[in-house]
K.L.:
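Structure below; questions to follow.
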Amino acid sequence: VVSYTILITGCAEKGMILLAEDLFLHSPENDVASWNALIAANARHGQMRNAIDLFKRMDLEGTRPDGITFVGILSACAASGDLATGKLIHRSALEGSSLDDPVLATALLDMYSKAGDLGAAMAIFAAMAQRDVTAWNAIVAACARNGRFDRAERFFWVMAARDVISWTSMIAVLAQSGQIDRARLVFDEMPDKDLTAWNAMISAHAQHGDPRSALKLFRLMDLEGVHPDEITYVCALDSCSTLASP
RNA sequence: GAGUGGUGUAAUAAUA
């Protein structure tokens, strides 16, 4: 089972979900970890329906779901905005103890915020036993996504340690609230810039009437050895078309 | 090197 689970996870990372399911079916036995691997694989690729079905089958076939299972299901709910299922799991399966596990609590928080319930997300964050960087990042993103840029920024400055994800969220917050100059300052201040951070910065300029700077950043990124992806090109092309037809 | 889980970036279109 262990080797099968490794293979299932590997396939899922490459997006080969069907092969992953095939491996699962051919495995001599399956345990909670291999079920979880397959559920998470489907959840990550937007196969919400499959993820839920697997979850039910697992229960029927006598494998008890654990915290990891619920995280997989919750992230499927979050991705598809299925607040009903998410709430059901929160109430019936998790009860009170879920907040002891920061991973599970963050998945819950994220699910509520993506379903538009920022109040529930903040309540979970406040009640969490421990908050790691990911939990902080999740609450910053939760506020941002629900239009509470002021709160997002407050959380960002209050958090003890920030990683590249925190900084990128902050840049997006500043861009969405039209504070491009401040976004630039934050971008300069952030220690490590990855592809997503560059994309956030380039799109910020492309979206706010500064296509020239967007293209400058695009070239700069290349000079820094960061390779563009589809999003980068869309922003760059968008800037070109703005310049061509003012 | 020893199986499974959470957080960040744009546009457009569609749906509501």
Side-chain angles (χ1 to χ4, degrees), chain A residues 1-10 12-13 20 23-24 27 30-44 51 54 58 63 65-79 81 98 101-111 113-114 121 124-125 128 131-145 152 155-156 159 162-176 183 187 190 193-208 214 217-218 221 228-239 241-242:
Chain A
V1 223
V2 175
S3 4
Y4 273 87
T5 306
I6 294 171
L7 291 174
I8 288 169
T9 307
E13 273 172 19
L23 282 162
F24 181 83
S27 174
N30 281 300
D31 61 8
V32 64
S34 62
W35 279 101
N36 287 347
L38 191 59
I39 288 173
N42 280 276
R44 276 199 216 102
L54 284 165
M58 155 184 200
T63 305
D66 62 8
I68 296 183
T69 319
F70 292 123
V71 172
I73 295 295
L74 286 171
S75 76
C77 295
S98 52
D101 178 354
V103 177
L104 190 45
T106 303
L108 269 172
L109 181 170
D110 186 56
M111 190 273 298
S113 85
K114 284 179 177 158
I124 290 167
F125 183 77
M128 284 175 68
R131 302 174 193 90
D132 57 14
V133 199
T134 303
W136 280 95
N137 288 344
I139 196 67
V140 169
C143 295
R145 148 161 71 232
F155 279 119
F156 175 81
M159 61 194 289
R162 304 172 189 89
D163 63 10
V164 63
I165 294 183
S166 335
W167 289 98
T168 304
S169 295
M170 195 60 233
I171 288 170
V173 163
L174 294 171
Q176 281 164 35
F187 187 68
M190 76 184 286
K193 304 167 174 61
D194 66 3
L195 173 60
T196 306
W198 280 99
N199 283 348
M201 199 56 188
I202 292 171
S203 82
H205 288 80
Q207 297 306 306
H208 287 85
L217 285 161
F218 177 67
M221 167 181 157
D229 67 357
E230 299 85 346
I231 294 183
T232 323
Y233 286 121
V234 169
C235 297
L237 288 169
D238 192 39
S239 302
S241 79
T242 306

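Here the structure is a predicted model, which means the values were calculated and not measured. In the text below, chain A, chain B and the rest are named by the order of the sequence lines, each starting its count at 1.
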K.L.:
What's A:Leu109 touching, base or sugar-phosphate or nothing? Going by heavy atoms closer than 4.0 Å.
P.N.:
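If one applies the 4.0 Å heavy-atom cut-off, A:Leu109 turns out to touch nothing in the nucleic acid.
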
K.L.:
With a 4.0 Å limit, can you tell me whether A:Arg131 has a side-chain N or O closer than that to the phosphate oxygens OP1/OP2 of B:U7?
P.N.:
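No, A:Arg131 has no side-chain N/O under 4.0 Å of OP1/OP2 on B:U7.
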
K.L.:
To the nearest 0.5 angstrom, please state how far the SG atom of A:Cys235 sits from the NE2 atom of A:His205.
P.N.:
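With rounding to 0.5 Å, SG (A:Cys235) is 12.0 Å from NE2 (A:His205).
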
K.L.:
Would you tabulate the nitrogen or oxygen pairs shorter than 3.5 Å linking the protein to nucleotides 8-12 of chain B?
P.N.:
residue : atom : partner  : partner atom : Å
B:G8    : OP1  : A:Arg145 : NH1          : 3.3
B:G8    : O2'  : A:Ser169 : N            : 3.3
B:G8    : O2'  : A:Ser169 : OG           : 3.2
B:G8    : N1   : A:Asp194 : OD2          : 3.3
B:G8    : N1   : A:Thr196 : OG1          : 3.4
B:G8    : N2   : A:Thr168 : OG1          : 3.0
B:G8    : N2   : A:Asp194 : OD1          : 3.0
B:G8    : N2   : A:Asp194 : OD2          : 3.2
B:U9    : O2'  : A:Ala200 : N            : 3.4
B:U9    : O2   : A:Asn199 : ND2          : 3.0
B:A10   : OP1  : A:Gln176 : NE2          : 3.1
B:A10   : O4'  : A:Ser203 : OG           : 3.4
B:A10   : O2'  : A:Gln207 : NE2          : 3.3

K.L.:
Distances under 3.5 Å between protein N/O atoms and the N/O atoms of nucleotides 14-16 of chain B, please, pair by pair.
P.N.:
none

K.L.:
Measure CZ/A:Phe155 against P/B:U7 and give the value in whole Å, please.
P.N.:
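About 18 Å, once rounded to whole Å.
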
K.L.:
Using whole Å, what does the distance between atom C1' of nucleotide B:U7 and atom CG of A:Asp101 come to?
P.N.:
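The answer, rounded to whole Å, is 14 Å.
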
K.L.:
Take A:Arg145 and A:Ser113 through the side chain to side chain donor-acceptor pair (under 3.5 Å) test and state the conclusion after the steps.
P.N.:
CA-CA 8 Å; A:Arg145 148 161 71 232; A:Ser113 85; 3.0 Å; yes

K.L.:
Check the distance between B:G6's P and A:Phe70's CZ and give it to me in whole angstrom.
P.N.:
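Going from A:Phe70 (CZ) to B:G6 (P), I get 16 Å.
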
K.L.:
Checking A:Met221 against A:Leu195 for the side-chain contact (heavy atoms from CB on, under 4.5 Å) test, could you report, in this order, the C-alpha distance in whole Å, the side-chain angles of both residues, the deciding distance, and whether it holds?
P.N.:
CA-CA 8 Å; A:Met221 167 181 157; A:Leu195 173 60; 3.4 Å; yes

K.L.:
To the nearest Å, give me how far apart CE (A:Met128) and C1' (B:U7) are.
P.N.:
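From A:Met128 CE to B:U7 C1': 11 Å.
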
K.L.:
In terms of side-chain heavy atoms, does A:Asn199 have a donor or acceptor partner in A:Thr196 at a distance below 3.5 Å?
P.N.:
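The answer is no; no qualifying pair exists.
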
K.L.:
Which part of the nucleic acid, if any, lies within contact of A:Val1, taking any heavy atom under 4.0 Å across all strands shown: a base, the sugar-phosphate backbone alone, or nothing?
P.N.:
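The answer is base, as A:Val1 lies within the cut-off (heavy atoms under 4.0 Å) of a base atom.
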
K.L.:
Over all strands shown, is A:Asp66 touching base, sugar-phosphate only, or nothing at heavy-atom distances under 4.0 angstrom?
P.N.:
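Result for A:Asp66 = nothing.
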
K.L.:
Rounding to a whole Å, what distance do you find between A:Phe24:CZ and B:U4:P?
P.N.:
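A:Phe24 atom CZ is separated from B:U4 atom P by 15 Å.
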
K.L.:
Round to a whole Å and report the spacing from CE of A:Met58 to P of B:G5.
P.N.:
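About 14 Å, once rounded to whole Å.
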
K.L.:
Would you classify A:Arg44 as touching base, sugar-phosphate or nothing, given that sugar-phosphate means primed atoms plus P, OP1 and OP2, and contacts are heavy atoms under 4.0 Å?
P.N.:
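Here A:Arg44 touches the backbone only, sparing every base.
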
K.L.:
For A:Trp167 together with A:Phe187, are the ring centres under 6.0 Å from each other?
P.N.:
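No, they do not, as the ring centres are separated by 6.0 Å or more.
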
K.L.:
Can you tell me how far C1' of B:G5 sits from CD1 of A:Ile8, to the nearest Å?
P.N.:
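Distance check: A:Ile8 CD1 to B:G5 C1' gives 15 Å.
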
K.L.:
Run A:Leu217 and A:Trp198 through side-chain contact (heavy atoms from CB on, under 4.5 Å) and show every step you take.
P.N.:
CA-CA 8 Å; A:Leu217 285 161; A:Trp198 280 99; 3.9 Å; yes

K.L.:
Within the 4.0 Å heavy-atom criterion, would you say A:Ala33 contacts the bases, only the backbone, or no part of the nucleic acid?
P.N.:
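Contact class for A:Ala33: base.
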
K.L.:
Do you know which of A:Leu104, A:Ile39, A:Asp66, A:Asn36 makes side chain to side chain contact (heavy atoms under 4.5 Å, CB included) with A:Val71?
P.N.:
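Going through the options one by one, the only one that passes is A:Leu104.
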
K.L.:
Check the pair A:Thr134 / A:Asn137 against side chain to side chain donor-acceptor pair (under 3.5 Å), numbers first and verdict last.
P.N.:
CA-CA 5 Å; A:Thr134 303; A:Asn137 288 344; 5.3 Å; no

K.L.:
Rounding to an integer number of Å, can you tell me how far A:Leu23 CG sits from B:U4 P?
P.N.:
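Computing the A:Leu23:CG to B:U4:P distance gives 15 Å.
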
K.L.:
Of all residues at least two apart in sequence or in a different chain, which pass the side chain to side chain donor-acceptor pair (under 3.5 Å) check with A:Asp194?
P.N.:
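Once residues adjacent in sequence are excluded, A:Asp194 has no partner under the side chain to side chain donor-acceptor pair (under 3.5 Å) criterion.
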
K.L.:
Walk me through whether A:Phe24 and A:Trp35 qualify under ring-ring contact (aromatic ring centres under 6.0 Å, His included).
P.N.:
CA-CA 8 Å; A:Phe24 181 83; A:Trp35 279 101; 4.8 Å; yes

K.L.:
Over all strands shown, is A:Asp163 touching base, sugar-phosphate only, or nothing at heavy-atom distances under 4.0 angstrom?
P.N.:
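It contacts nothing in the nucleic acid.
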
